[in-house]
2 protein chains.
Amino acid sequence: MSSSSAAPRRNDKAEKVEKAEKVEKAEKPPIRDALIAAAFQLFLERGFEQTTVDDIVALAGVGRRSFFRYFPSKEGVVFPDHERCLADTTAFLAAGEEDEDPVRRVCDAARLVLRMYTENPAFSVQRYRLTKKVPGLRAYELSVVWRYERAFAGYLRGRFAGLPDGTLRADVIAAAVVAAHNNALRSWLRADGEGDAEAAVDRALRYVQEAFGGTDASGAAEGGRPDGRDDVVVVVSRRAAPLWRVVQEIESALGRD
Amino acid sequence: MSSSSAAPRRNDKAEKVEKAEKVEKAEKPPIRDALIAAAFQLFLERGFEQTTVDDIVALAGVGRRSFFRYFPSKEGVVFPDHERCLADTTAFLAAGEEDEDPVRRVCDAARLVLRMYTENPAFSVQRYRLTKKVPGLRAYELSVVWRYERAFAGYLRGRFAGLPDGTLRADVIAAAVVAAHNNALRSWLRADGEGDAEAAVDRALRYVQEAFGGTDASGAAEGGRPDGRDDVVVVVSRRAAPLWRVVQEIESALGRD
DNA sequence: GCGCCGAATGGCACTCAGTGCTGCCGAATG
DNA sequence: CATTCGGCAGCACTGAGTGCCATTCGGCGC
């Protein structure tokens, strides 16, 4: 792109610098990052549908064919790091110990996914705003989330193998974990990345863990109950009241909200 | 297209017959059904990607433009009745009574969706085999399922409004209901539509209802309380006990199970 | 019976996503 | 220096999806 064949000595030097950068950055293709930056710039200022792949590659200064070497589709450029994150997550689940609570392990895996978002708050918020408006991106995000959910469910199915209704439990818990994670994550994204996302997700996941009863409620130990109270609660309810109403009373009496 | 202006009398008769069919079938465009039939025939014998929209309209004997008048995309023809079913489901939720258990209502809505599958077992099984192999159809199905889940969650958010963690509970329960429904549904589809799908889904949904403690367990209302007791119940629970354990105590104390 | 109107349809042309192929260039080999 | 190999640009092509317009058909008023 820049002036070439002007000074061979200088070119040799430039090559050395480039190589040094390569070693330093370690297998990071600059073309990929240029495409991501160009795509987001155009998507944000002009809209997703109003931007063609040709516009992106023109702004990034690369060939059109290169775009599809790095991303499977026009939507894929919006979720550039999910492939690696999904691999990390499955590896994390595969490395789990046998005596660990499976639900807790899956919750920790979800926390791993959360970290990918919190590492780049600005980027995550921009992407959230895009996916909220563009139906095509929402659909693509669904397929991404679905792969996480299937990874969770697959792990749980293995851990629940032999148990009655093992696959049912696995599927339901995986879906609940994903839903809780997304609920907290989206609250954080709607707040422009302000606030403690980790705490919000912990809180949401604790609700799931309590609902399925397969855990010691993680945060209860640490955040817990600083006054040391582990006392009893008395609830009085009319027998004819609908059960779900009673449960609501119980929950508020127990201080879970 | 067919021979015209040959015998006006005969043409008049043909018109009458056509009109009679229209009145009989009542607002059912035959073009739509012809497109669905042609699409499935080609998808099954040749594969989804190997079939173009031109192939479908050629076999159905209609213009290419008409395909996209009836279906939003090539994938859409595989899920022809979901739009109506989704409308029915949201209407069913909107018509719910205020004093009914919200979780139970959502489970009933899921049973409504199941009915759409069980009404045409052969069709549902064919579609299942297609979506299992074709990634594009899986993605499309995800977006369809997502709309049901959002309908469920929206209803629950309304019912849980004001409660602590209302949206979290709504999202998680909606996801759990959908996951349980799909788990049972897919078992039935894998078995080629043999067996009792209703019973399987009932069983799966009961698991969800128990996990979230928001139900009177199916038959409690009708089984009633013939002794006329409408007294009070006192429950004592340790504050640190997992919620599901507490709920179990409540349920047994209230005599519902 | 006649003409008009609106809805449904078919046909055409166009944009753009995604893919296969070819040639090119630079870098690592001998 | 010659060769090979991997990444990239450019080109051409298929096919999905859309906008536009002409046509047709059933219905309706005159």
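Here is how names work: the chains are called A, B, and so on, in the same order as the sequence lines, proteins then strands, and each is numbered from 1. If you're wondering where the values come from, they're calculated on a predicted model, not measured in any experiment. Quick note: numbers below take in every heavy atom, side chains included, and nothing from hydrogens, waters or symmetry partners.
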Between side-chain atoms of residues 59-66 of chain B and protein atoms elsewhere (two or more places apart, or another chain), which donor-acceptor pairs fall under 3.5 Å?
residue: B:R64; atom: NH1; partner: B:D54; partner atom: OD2; Å: 3.4

Quick one: side chains of residues 132-143 of chain B, donor-acceptor pairs under 3.5 Å with protein atoms, not counting sequence neighbours, listed by atom name and distance.
residue: B:S143; atom: OG; partner: B:Y140; partner atom: O; Å: 2.7

[X] [atom1] to [N] [atom2]: how many Å, rounded?
| X | N | atom1 | atom2 | result |
| --- | --- | --- | --- | --- |
| B:L35 | C:dA8 | CG | P | 15 Å |
| A:F71 | C:dA17 | CZ | P | 15 Å |
| A:I56 | C:dG18 | CD1 | C1' | 13 Å |

B:Y128 meets the ring pair (Phe, Tyr, Trp, His ring centres under 6.0 Å) criterion, sequence neighbours left out, with none
In Å, rounded to the nearest 0.5 Å, how long is the span from OG1 of A:T90 to CZ of A:R150?
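Here the rounded value is 14.5 Å.
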Please determine whether a side-chain nitrogen or oxygen atom of B:Y70 lies at a distance below 4.0 Å from atom OP1 or OP2 of C:dA8.
no
Keeping to residues at least two apart or across chains, list the salt bridge (Lys or Arg N to Asp or Glu O under 4.0 Å) pairs with something in residues 35-52 of chain B.
B:R46-B:D55
Secondary structure string for DNA chain C (Watson-Crick or G-U under 3.5 angstrom, | for other-strand pairs)
||||||||||||||||||||||||||||||
Hits for salt bridge (Lys or Arg N to Asp or Glu O under 4.0 Å) against B:E198, two or more places apart or cross-chain, chain-then-number order -> none
Using the test salt bridge (Lys or Arg N to Asp or Glu O under 4.0 Å), find all partners of A:R157 that sit at least two apart in sequence or belong to another chain.
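In terms of salt bridge (Lys or Arg N to Asp or Glu O under 4.0 Å), with neighbours along the sequence ignored, A:R157 is linked to A:D171.
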Take nucleotides 13-24 of chain D nucleotide by nucleotide from the 5' end and write B, S or -, depending on whether a protein heavy atom sits under 4.0 Å from the base, only from the sugar-phosphate, or from neither.
--SBBBBB----
Which residue pairs satisfy the side chain to side chain donor-acceptor pair (under 3.5 Å) criterion with at least one member in residues 113-126 of chain B, sequence neighbours excluded?
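Counting only pairs at least two positions apart or across chains, the side chain to side chain donor-acceptor pair (under 3.5 Å) contacts touching residues 113-126 of chain B are B:H82-B:Y117.
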